[in-house]
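Heads up: the structure comes next, in structure tokens.
Each chain gets a letter, A, B and so on, in the order the sequences are listed, and its residues count up from 1.
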2 protein chains.
Amino acid sequence: MVSSSSTARAPRRDAADNRAALLEAARTLLNQDPDASLEAIATAAGLSRRSVYGHFANRDDLLRELLASGAERVAGAMAGVTHPDPVVRLALIASHLWQEVEDVRVMALFAVRGPLRVHTAAALEPLRTSVFRAIREAQASGQIRTDIPARRLAHLVEAAALAVLEESAEHPMDAHEGHSLVILMALATIGFGWREAAQFITDNGLDAAS
Amino acid sequence: MVSSSSTARAPRRDAADNRAALLEAARTLLNQDPDASLEAIATAAGLSRRSVYGHFANRDDLLRELLASGAERVAGAMAGVTHPDPVVRLALIASHLWQEVEDVRVMALFAVRGPLRVHTAAALEPLRTSVFRAIREAQASGQIRTDIPARRLAHLVEAAALAVLEESAEHPMDAHEGHSLVILMALATIGFGWREAAQFITDNGLDAAS
DNA sequence: AATATCTTGCACAGCGTTGTGCAAGATAAG
DNA sequence: CTTATCTTGCACAACGCTGTGCAAGATATT
């Protein structure tokens, strides 16, 4: 199906560009207002609303593609995180997460909380699983709190990260501050006291994360 | 204007009942779907959509009244919280908060996060202020973390409480578990380690909060 | 029983949006 | 240059919702 059997001509290259421009515009606009209209998105991309339907079947299709690719990008960035200590692993995940999401905070919240979170769930599944595994492992070795079941704790860690995102969306926060906050809140959630957390961060060089 | 000067008759008493029924129905329905239509709300209240406009000028009016009264109820429940130790005060606030909001969790999230949060801000202001004051006081006396500015920390504590609400909305959680979680997460956010927090809770009888 | 008050149903306008059909125009590929 | 591909503008239908006007009906109050 890729190279058609008939004598069809190759698709125009600018079409692909426009498609990309639409996604990029959507990324930007939806990050300001998750309910931005197609009209607004198309205009921002330098196209007409009508043309959008030449690239995507409908609004949902655009959103789906945007969110799915975003979720995969985020999940992909976590793939390289491997560390023997499960707590360090968690902190590294938090750190990378922030870096990936920092410039799309509002849309990230929308992607995970909004009505379309169904479309990102699949791509984020491995990430959630590795968080859960790290927590279970850390509980087993007595490194973190055991008064909350692992599943629940995993959700709460995720919620803590989202809470920082939200806070950063409402009250200006530079990238560096957000980065450390995400880690601090994750550690706090799993049971670390604040001095303990600070010690842990310096001990493991997490404050100078690349 | 209360008792009209003309020979007007007193308003019918069932009208007030219907108005109350509308608010109650709205409270229930909006707790399931914050975008529930007036049609749905009116029907649930045993009235027609048309009648709603006999009691409220428009949709926003209904919402405003509902949210404002809810916010005041919540804020009012915190008024009685006075304790010399600011950390205990924070924990008590968290505890009472849960009890007030437990049966309206989804709508509470909507009221604080949604587009109508403007209408609840005023009523919740004293509550937010007392959280901020408690945190500042506790920081001054070295009881809690000082690596995060008081304002920011206050926001994060609020976010932590909301995170528990959200978690409870998505993954079933009985009232008791939610109650302790809210306190635990608040303490975690202000810098307590999990054992320290547990100790603190038993020491102050917070696990048996009325 | 008289009457003001409240409810109802229906019709209608308005809103902002999405999705389509179609014909004409612009443009990259061959 | 020719042609298939892409874009555009306009018109139109549809959707679900809010808000109103009006006349008729039900009901509490007096």
For B:S37 and for B:A10, find the nucleotide of DNA chain D with the closest heavy atom, then tell me which residue's nucleotide is more 5'. B:S37
Polar side-chain atom of B:D14 near backbone of B:D17 as donor-acceptor pair, under 3.5 Å: no
Between A:T129 and A:E125, is there a donor-acceptor pair closer than 3.5 Å when you use the side chain of the first and the backbone of the second? yes
Do NZ/NE/NH1/NH2 and the carboxylate oxygens of A:D103 and A:R27 come within less than 4.0 Å? yes
Where along residues 12-31 of chain A does a heavy atom fall under 4.0 Å from DNA chain D? A:R12, A:A15, A:N18
Check: D:dT3 base within 3.5 Å donor-acceptor of A:R9 side chain: yes
Roughly how far, to the nearest 0.5 Å, is the CZ atom of B:F56 from the OG atom of B:S51? 12.0 Å
So which atom in B:M185 and which in B:V164 form the shortest heavy-atom distance, rounded to 0.1 Å? CG-CG2, 3.7 Å
Taking DNA chain D as the partner, which of residues 41-57 of chain B come within under 4.0 angstrom of it by heavy atom? B:R49, B:R50, B:Y53
Integer-rounded Å distance: C:dG19 C1' and A:D61 CG: 13 Å
Residues B:R19 and B:E65 bridged, charged N to O under 4.0 Å: yes
Value in whole Å for how far the P atom of D:dG19 lies from CG of B:L62: 10 Å
Return the 5'-most residue of the pair B:P11, B:E39 with respect to DNA chain D, ranking by each residue's nearest nucleotide. B:E39
Tell me whether B:E166 is salt-bridged to B:R105, with the criterion being a basic N under 4.0 Å from an acidic carboxylate O. no
Taking atom NE2 of A:H171 as the centre, does the number of heavy atoms from other residues, nucleotides or ligands within less than 6.0 Å exceed 12? yes
Round to the nearest Å and state the distance from B:R59 atom CZ to D:dG16 atom P. 16 Å
